Undergrad: 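Take a look at the following structure, please.
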2 protein chains.
Amino acid sequence: MSKRSDQITLVAGGAGFIGSHLCRALLDRGETVLCLDNLQTARPSNLRLLERDERFEFIEADIVNPLPLDVLERTWSIGRVYNLACAASPPQYQANPEHTMLTNVVGTDHLLRLAERADARFLLTSTSEVYGDPEAHPQHEDYRGWVNCTGPRACYDEGKRAAEAMAFDFARMERTDVRVARIFNTYGPQMHPDDGRVVSNLICQALSGNDITIYGDGTQTRSFCYVSDMVEGLIALMESEQVQAEPINLGNPNEISVNELLTHILALTGSDADVVHRSLPVDDPRRRRPDISRAQRLLGWQPRVSLEEGLAATCAWFAGEIDGGRVPRPTAPDRVRASVA
Amino acid sequence: MSKRSDQITLVAGGAGFIGSHLCRALLDRGETVLCLDNLQTARPSNLRLLERDERFEFIEADIVNPLPLDVLERTWSIGRVYNLACAASPPQYQANPEHTMLTNVVGTDHLLRLAERADARFLLTSTSEVYGDPEAHPQHEDYRGWVNCTGPRACYDEGKRAAEAMAFDFARMERTDVRVARIFNTYGPQMHPDDGRVVSNLICQALSGNDITIYGDGTQTRSFCYVSDMVEGLIALMESEQVQAEPINLGNPNEISVNELLTHILALTGSDADVVHRSLPVDDPRRRRPDISRAQRLLGWQPRVSLEEGLAATCAWFAGEIDGGRVPRPTAPDRVRASVA
């Protein structure tokens, strides 16, 4: 199944952080993009940039609900379906855990059924959170994870595991051509300043001169992938003819501690703010690093942007947003709560 | 919250194997029982026995769909909600994996919302399958499991994990008083002869004189709980004032191999049928034994029926069904497929 140039690429969650970069890259490839988003966690400015392109269309919709007629009536024109729709940071996805679970299960089901009807390719963005607080390191796709299915992160972690289960059942039953990306931590311009994730938190706090919050002792590790690398990986996965029905890790295997990340950010921003330590959230993973050998082998993909380059671009973008008044003085993290539609 | 005698106990999945025994026990306790079932895997004769009781009412409904008005209009009379609704044997739940997942997630959500509105207690029957093919033995509730979220059992295993996640989110947000039982292998009269589970398969094959099918070499272990013990455990869990929001294993810790089970059944049935070995299904667990210390401590519950007693009663029941023509000559297991509504 090759994609015809007159087909529509549907991006659910296309107004979010990674979603808006993906839409931009798809437009740059010449694709016609139909973006669905419930605007739960999206920045309106992400959309305004995209809407300048006549091959971009936005429909406000929550995939938990039946898909709008505006989408269904174009079923036969849809060639690709990317599902990036779900709040991805703990304060946001925990604000309404029932909605988070249903977004992943019911929303994914709606999009799988659409892809089935359209004979379109379907890509689910799953997450490194399916590995929970991993005992295996680095995390290979065959590792089954260490997820607490009764805890406060389960609405997201188990929701994504359930979405993967559904997607692979559609593939096993030959209902849809399915691809599943397990996305590790990603950062870059257009992140939501209030989403509670470590890169945006630290940069905004450093730039604003507020105290800087580190959860735990800062020795927990993450592996941060710059958003342009992630988007290239997603498109490579969607367009690959090599991939069988199997999940693929996408992320940057360069693992650093939160303390090291902070050192980089303080240097880039010239901040001398004080550091305040808070207790680690429940079930927070201690280590996180993708084994990307499968993506390298099947997609010929690996990240290209170094942490130094990526952080410099991200800090510059946040500085511009703060100077322009588009990013307010950061809220203390324990008061951050997303509004949920 | 104590249950008033004029309240209704709703049992979703109440026409199934464990469900029908539970309805019988609740009626014997003097409760008024409203049974919902989609009759996907139920034996109609289970219902006929229950319907002789005037405090029993059956409504055919699939909890994947919005609950019927017949239920909703009695919301304020409902004091207890038991959710046993989901096909539980692999051939049955794999016949329509999408429906299995939605039953667990959307169906559970519908019942949780009903319980919330009714200020009723809610009990989810989860499963030992949340532990997958366990690396810890016996399985304690704190063990996080070894589940393949991309495999052919995931629609059930991950569906139940997702249902647990939702239930505990309702508890954490103080929306509903929630109890979660993780049920291990259960057997007894009124099992479906065609459900593809090991006890019913072996007994029906032994009684019919067909070849007896053992998957793998028969050294894989299970722990079999007689159904009356299981039902006592479920009611004790529902009525307990001691339980916090935490899952509780219910099962019999007496672990035996499938070969030992066969030896018991051959002796009880006097069968000398030949044994045929077939390959193990994908992701079939090798070992399974509940740690029931939490149930013992919090509920004062433990199984009372020995395997010998339980198997004798079960063999006698199946013999009567076969003599009465109510159980047909068993189908070869690899041709067993449930019809799905």
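Naming: A, B, ... by sequence-line order, numbering from 1 per chain. All figures in this text were calculated on a predicted structure; none of them were measured in a lab.
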Undergrad: Just how far is it from atom CE of B/Met166 to atom OG1 of A/Thr100, taken to the nearest 0.5 Å?
TA: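 Output value for this atom pair is 9.5 Å.
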Undergrad: Do A/Arg144 and B/Cys149 come within less than 4.5 Å of each other through their side chains, counting heavy atoms only?
TA: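 The answer is no; the side chains never approach within 4.5 Å.
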Undergrad: Do A/Tyr143 and B/Trp146 have side chains that approach each other closer than 4.5 Å (heavy atoms only, starting at C-beta)?
TA: yes
Undergrad: Would you mind reporting whether B/Met173 and A/Glu98 have side-chain heavy atoms less than 4.5 Å apart?
TA: no
Undergrad: Among the options A/Val106, A/Asp109, A/Val180, pick out the one with the most heavy-atom pairs lying under 4.5 Å from chain B.
TA: A/Asp109
Undergrad: Hey, are the side chains of A/Glu246 and B/Thr150 touching, using non-hydrogen atoms and a 4.5 Å cut-off?
TA: no
Undergrad: If you count the non-hydrogen atoms of other residues, nucleotides and ligands that lie under 6.0 Å from CZ in B/Arg117, is the total more than 12?
TA: no
Undergrad: Checking A/Arg153 against chain B: side chain, backbone, both or neither under 4.5 Å from a heavy atom?
TA: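 Contact with chain B is absent: no heavy atom of A/Arg153 under 4.5 Å.
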Undergrad: Determine the option with the most heavy-atom pairs under 4.5 angstrom with chain B, choosing from A/Ala165, A/Ala245, A/Ala154.
TA: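 Greatest number of close heavy-atom pairs with chain B: A/Ala165.
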Undergrad: Any donor and acceptor pair, going by atom type alone, linking the side chain of B/Arg161 with main-chain N or O of A/Gly159 inside 3.5 Å?
TA: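 Not at all, since once roles are kept as given, no pair shorter than 3.5 Å links the two residues.
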Undergrad: Counting heavy-atom pairs under 4.5 Å with chain A, which one of B/Ala171, B/Gly145, B/Gly151 comes out on top?
TA: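 It is B/Gly151.
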